[in-house]
Protein chains: 2
Amino acid sequence: MGKTFLFLDTITNKVDSKGRVSLPADYREIVKELSTNIVCYRSLSAPCIEGCTEELLAKLASEMESSLDFFSQTQDDLTNLIFGDARKFTFDSTGRIVLSEKLLAHAQITDSAVFVGKGRKFQIWSPENWAKEEKRIRAEIAKKRPSLTFSREGN
Amino acid sequence: MGKTFLFLDTITNKVDSKGRVSLPADYREIVKELSTNIVCYRSLSAPCIEGCTEELLAKLASEMESSLDFFSQTQDDLTNLIFGDARKFTFDSTGRIVLSEKLLAHAQITDSAVFVGKGRKFQIWSPENWAKEEKRIRAEIAKKRPSLTFSREGN
DNA sequence: TTGATTACCATAAAATCCCATGCTATACCA
DNA sequence: TGGTATAGCATGGGATTTTATGGTAATCAA
């Protein structure tokens with residue numbers, strides 16, 4: 001059934017005055033392969049845009065579809081937040097999507113966007129925020145698992 | 001197999017003196033794709049209009065038929081309310097539906113309508129009420145999952 | 001016939017598509 | 001191995017299509 005796919009790598013592309021960005025070629029490949037679409041929304045936990053396949057969101061929707069959930073208040077709140085914010089993004093023949101003003105503002109992106117693969121999902125950051133975030137993550141990891149650090153050349 | 005479809009995004013359109021509103025293009029696409037209809041009714045829990053595909057209501061109806069659980073009586077009452085209130089809305093060649101006085105009044109909509117995607121369903125709010133509601137939801141979610149909140153400075 | 005509802009036309013703005021160009025990484029050949 | 005051809009990708013700009021929305025005509029019911 002579900003084909004395996006992973007959003008990987010970290011790629012920086014330019015955002016032009018119309019808000020257009022090239023979706024990394026590998027991501028486009030996934031979309032075509034699964035004949036699905038890309039869906040993006042403001043991350044709830046960080047100043048970045050989050051993206052995934054429409055498929056993944058649809059699965060979420062199906063789980064909330066049963067009659068037991070039809071009238072649930074909490075479900076209602078959650079779905080409003082997620083689906084109300086998310087939007088489908090189709091790319092043109094040259095592989096670009098147009099990010100909305102709302103998303104760009106949330107991620108503080110102006111003229112460059114960093115795509116960061118996260119497996120089933122991916123994130124889009126401004127170069128500045130991503131630099132900070134990456135540093136934070138590495139520091140966090142180093143703190144939690146000092147045994148993993150073996151060379152200092154990276155930092 | 002049910003095709004995947006999702007009502008997404010938050011879109012504000014004008015309501016003219018006749019009660020006409022453009023159904024967002026993406027929503028129209030879904031209706032055409034599934035060759036179904038849009039059904040709207042007064043929300044039972046909020047001052048807004050709720051909408052979904054005719055298909056979904058049909059599914060809800062069959063689930064109620066076979067549901068024997070403890071709460072079925074209550075749910076039965078709720079579905080009665082919905083089915084009694086719901087009406088089919090077809091859009092014209094320019095993509096507009098005409099909302100009834102009853103629905104507009106319930107949602108306190110005068111000259112602008114905010115469509116909020118909820119996955120299999122969507123809601124229609126007045127801009128004022130939606131602003132309040134969105135604030136309420138975000139506060140609610142933040143309370144329940146404080147780990148999700150972030151500060152703009154980046155900690 | 002009159003009031004109300006529904007269908008159709010027109011226009012401006014916005015979103016989308018497509019062509020052309022430059023760049024980069026890989027393949028290929030001497 | 002080094003230099004060059006090639007294919008794929010990113011990006012700029014302009015043409016085209018869609019969409020929202022105001023207005024008018026046609027249809028229906030009382």
- Salt-bridged, B/Lys121 to B/Glu50, with N to O below 4.0 Å? yes
- In whole angstrom, give the distance that lies between atom CG of B/Asp16 and atom P of C/dA4. 16 Å
- Task: Quickly work out the B/Asp111 CG to D/dT21 C1' distance and round it to whole Å.
- Result: 13 Å
- To the nearest Å, how far apart are A/Phe91 CZ and D/dC9 C1'? 13 Å
- Contact class for A/Ile97 vs. all strands (heavy atom < 4.0 Å): base, sugar-phosphate, or nothing? nothing
- Message: I want to check a possible cation-pi pair here: A/Arg120 against A/Phe5, using under 6.0 Å from ring centre and within 45° of the ring axis as the test.
- Response: yes
- Query: With a non-hydrogen cut-off below 4.0 angstrom, is A/Thr94 in contact with a base, only sugar-phosphate, or nothing?
  - Reply: base
- What does A/Asp92 touch in the nucleic acid at a heavy-atom separation under 4.0 angstrom: a base, only the sugar-phosphate, or nothing? base
- Query: Touch check for A/Ser17, heavy atoms < 4.0 angstrom, all strands: base, sugar-phosphate only, or nothing?
  - Reply: nothing
- Query: Can you tell me how far C1' of D/dG8 sits from NZ of A/Lys32, to the nearest Å?
  - Reply: 11 Å
- Message: With a 4.0 Å cut-off on N to O distance, would you call A/Lys132 and A/Glu128 a salt bridge?
- Response: no
- Nearest-Å distance for atom pair CZ/C1', residues B/Phe115 and D/dT21: 13 Å
- Assess the pair B/Phe7 and A/Phe83: is the distance between their ring centroids shorter than 6.0 Å? no
- Task: Please tell me which of the listed nucleotides, D/dA10, D/dA20, D/dG13, lies nearest to the side chain of A/Asn13?
- Result: D/dA10
- Closest of C/dC8, C/dC18, D/dA20 to the B/Ser93 side chain is C/dC8
- Note on the structure: Per atom distances to the B/Arg20 side chain, the nearest of D/dA20, D/dG23, C/dT16 is D/dG23
- Message: Between A/Arg20 and A/Asp92 (salt bridge meaning N to carboxylate O under 4.0 Å), is one present in this structure?
- Response: no
- For atom CG of A/Leu23 and atom C1' of D/dA10, their distance in whole Å: 12 Å
- Please report, rounded to the nearest Å, how far the C1' atom of C/dT6 is from the CZ atom of B/Arg96. 11 Å
- Task: Classify the side chain of B/Lys18 and the base of C/dG3 as holding, or not holding, a donor-acceptor pair under 3.5 Å.
- Result: no
- Give the nucleotide from the list D/dA10, D/dG23, C/dC18 with an atom nearest to the side chain of A/Ser22. D/dA10
- If you check the B/Lys14 side chain, which of D/dT19, D/dA10, D/dT21 turns out closest? D/dT21
- Note on the structure: Here the distance between atom P of D/dA20 and atom CD of B/Glu29, to the nearest Å, is 12 Å
